[in-house]
Structure formats: structure tokens, C-alpha cells
Amino acid sequence: MARTPLDRIRNIGITAHIDAGKTTTTERILYYTGKNHRIGEVHEGNTTTDYMEQERERGITITSAAVTAEWKDHRINVIDTPGHIDFNIEVNRSLRVLDGAVFIIEGVAGVQPQSETNWRLADRYNVPRIIFINKLDRTGADFYRAAATLTEKLGINWVTLQLPIGIEDTLKGVVDLVEMKALIWEGDELGAKYHDAPIPDDLKEKAAEYRQILLDTALSVDDAGMEEYFEKGDVSVETLKRAIKRGTIDGTFRPVFCGSAFKNKGVQPLLDAVIDYLPAPTDIAGIKVAYDEGMDETTQPDRRIIPANVDAPFSGLAFKIVNDKYGNLTFVRVYSGVLKSGDTVMNTTKGNKERIGRMFQMHADKREEIKEVTAGDIAAFVGLKDTGTGDTLADAADPVVLERMAFPVPVIDIS
Ligand code: GDP
């Protein structure tokens, strides 16, 4: 298997208030990334006997920890972030290992209580976020009103990147404000495609107005882009995308996207946005090592940072253990270096050695055995004997202990 260059990896989470559509959106992502043969509706459930096994398998995969999808030459690892408030410790744990998140809110209710809780948690870890407004086909859904709750409830600086074309069941696509074109849906909800079209006449004025807001907001973080704008009266798509990515990563503003009728047809532009605006492992500073015994931010402010680098000694963090029919799977986020099956590493948290057995990447409908993992990636290891959630695995040549979760994490796994 060829190594995926680090700038083509995205480790993302999808977070939402319960019922806002996290499962459905994840299903659609897996469908459109071509790994699913068909979509499993959450409630209709295509659970004819033929599909039972596959459904069950996928159900496990999706909720298990991390599932890998390919989109436009990029590898997207979708890390499960539980939405329910009772799982805050687990939300913390998973937020720790992702580099960016898709934050789903609902088209009718907008920001809901769990959205607020999860938003604050993501703030604590400085997770770059893009916002996806879902269920816009439902009666009473209103993109603009739902977006307004981002200001009212979260008090954040957000900016619109898409406008919906039509309302509720007449929704037929979105206006893409970056490229100033319409994306119109075709086909049924299971195999929807989109095609480019001119912006509808009745939306032209509104689109121009919103694009101006987008330009003003995005270029505020990009001096070169601002100069280009003053010289030419506009900027190239590349410049605008660069500025949006910059602002998204540093959290200056949060881009907002819309789903479209029926049910998450907007997921393909959402995947494009994940690639365009959420960071690769190399776009962010890297992980810090843990505080020394008894130290904290005030007594040890300058901890060493481990940047994403394939050529550095190996380091990774075990973030979830899942017990399934294949045995104990330890999910590891790799921060630096390369690790091959058969290698021996240190569990630097516990001070013992672990031999790496088989390693897998989980896809929607299969698990792929891999022979090595590299910086930036996520994989499931089989056969680790004494590694718990939150433990660091590292090369004995540089036995670092990585920053632990901010909250106490129970050693007993809850999978
Ligand atoms: P989760 O709890 O956030 O994972 O939400 P689910 O994905 O399970 O969705 C909750 C319910 O909303 C399910 O019955 C879905 O079929 C439905 N749903 C999800 N997305 C949409 C959408 O875009 N439109 C409509 N009308 N229903 C949706």
C-alpha cells in the first residue's frame, strides 16, 4: 500500500445533538466515498437477511472508533465522537485525537443544548470546525434562522459559504459562494449527483451580498489576499480558499454549509469542504508531551511539541479499545514516525514493551489489513497486551509520553 502523503490526510469528528443527523451524515459520507454498496437508513434499515451481516458489521464499524474513507485522493478518517451528554469523558477522549470537526446542527431547531456542550468542549481543544445545517427538507426548517442560533446560543463568528436554493421540500441545491455557481441535485436520495448551473435569478442579489461578507471575513486573516482584492477588485478561488482555511484553522470564524433535500444530498460539497478547509496533520502545531510529574501550565509552560513527521521516531496515542469478534482492537492515533507490524514499541505511560501484531484500517464494509502506519494516521492494532486508553506508545529511542486527556479517563474501557 502506497503511503498517503500527510497533507492528504484528514482526521475529523462529526458532532451533533442527538437526532440531528450524525449517523445519517456518516452513512452518507461512507456511501459517497464509494465504500458502501448501499445506504443503511437508520430507521427503515435495509436489513433484509442478505444485508444483515453487512449492516451489523458496518454498525459496529461506524460506532467503533474510526472509519477510513477516500475522497478525491485524500484519506478521511472519521473518528466517532459520541453526542450524548453522558459520554462527555468519551467526547473528550475522541476530541483529543482529531484535527478538525464537522459540527452538525438541525435546520428546524438550530443549536440545541448538547450542541452547546460539545461546542465548548471542542473550544477547549481548539478543534477547527465547519458547520453543517442538516434536515433542511423538514417542515419548518429555515437555514437563515438556524444559522442565527449560532450567534444567539454560541456567540460565535460564523460565515456562510453556501445558500440553499428553495425551501423545505422544494430545496434543489445550493449556491456555492466561493466559486459563485449553483450546485443542483439530480437523481434520488440514494444516488444523488450534482451538476453546476448558473445562480438562479432570484438569488443573484442575495448571493452577491453574502459573497461580499465572505470576502470581508475571510480576507481579514490573509494580507496577501487583501492586497489582491484591492488591486483587482476580487480574488481568485485559490486565494479565497486559502483564506477560509486559515481562518477556520485559527478559529477566527466558522464556515457554514447546508444540507439539501432530501436527506444530506449536500454531503458531497461537505466532503469537498473537509478537504479544502479542515487541517491536515501538518497544518497544525503537533501534540505536546505530557507535563512532568507534579507540573502544570504555570510551572512547565514550554513543553516539547511533537510535530507530524514521518522521519521522526514513532509516537502515538491509544484512544479507544473495542472488543469485537476479532478480539481486542486498540485504536491508535499516530503522531510521528512509522510503525510496522512485528515491531516492538514502548508503552511509555506504563513503562513496558508491546509487540505489534496485526494492524487494520476500518472501512465502511471491510477491514483492511495494513503492514505499517505513519504519522498522522489512525489504525486499529490487534493483540496489545497491556495498553489502555490514553496510553502513549513510542519508540524506545525517544520514549516520550504524550499529553494526556484533560479529564480523568477511566482505565476500564466502555466499548
Ligand atoms: P443522530 O442521533 O445525530 O445520529 O441522528 P440520526 O442520523 O440517527 O437521524 C435521526 C433521524 O433523523 C433519523 O430518523 C434520520 O432518518 C432522520 N434524518 C437525518 N437526516 C435527515 C434529513 O436531512 N432530513 C430528514 N427529513 N430526516 C433526516
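For clarity, every value in this text was computed on a predicted model and none was experimentally measured. Just follow the structure's listing: the first ligand is 1, and inside any ligand the first atom is 1.
Scored by the side-chain contact (heavy atoms from CB on, under 4.5 Å) test, T151 finds W158 as partners (sequence neighbours excluded). Taking the salt bridge (Lys or Arg N to Asp or Glu O under 4.0 Å) definition, one finds that R120 meets it with nothing, sequence neighbours left out.
Each of the following atoms of ligand 1 lies closer than 4.0 Å to a heavy atom of K22: 1 (P), 3 (O), 4 (O), 5 (O), 7 (O). Listed by number with element, the atoms of ligand 1 under 4.0 Å from a non-hydrogen atom of G21 are 1 (P), 3 (O), 5 (O), 6 (P), 7 (O), 9 (O). For ligand 1 and H17, the ligand atoms under 4.0 Å from any heavy atom of the residue are 3 (O).
When only interatomic distances are considered, the shortest N/O to N/O separation between T25 and ligand 1 does not fall below 3.5 Å. Residue-to-ligand polar distances keep R138 apart from ligand 1: every N/O pair is separated by 3.5 Å or more. Polar contact with ligand 1: absent for A16 (N/O pair, distance under 3.5 Å).
The backbone and the side chain of T24 each have at least one atom closer than 4.0 Å to an atom of ligand 1 (non-hydrogen atoms only). Both the backbone and the side chain of T23 come within contact range of ligand 1, each with a heavy atom under 4.0 Å.
Note on ligand 1: E27 sits outside its first shell, no heavy atom being nearer than 4.0 Å.
A side-chain donor-acceptor contact under 3.5 Å links T4 and R75.
Between D343 and K340 there is no salt bridge, since no side-chain nitrogen of the basic residue lies less than 4.0 Å from a carboxylate oxygen of the acidic one. Taking the charged nitrogens against the carboxylate oxygens, R129 and D123 do have a contact shorter than 4.0 Å, which makes a salt bridge. Under a 4.0 Å N-O distance rule, the pair D377/R3 does not qualify as a salt bridge.
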request  = Could you walk me through whether D7 and T282 pass the side chain to side chain donor-acceptor pair (under 3.5 Å) test, one step at a time?
outcome  = CA-CA 6 Å; D7 60 353; T282 38; over 6 Å; no
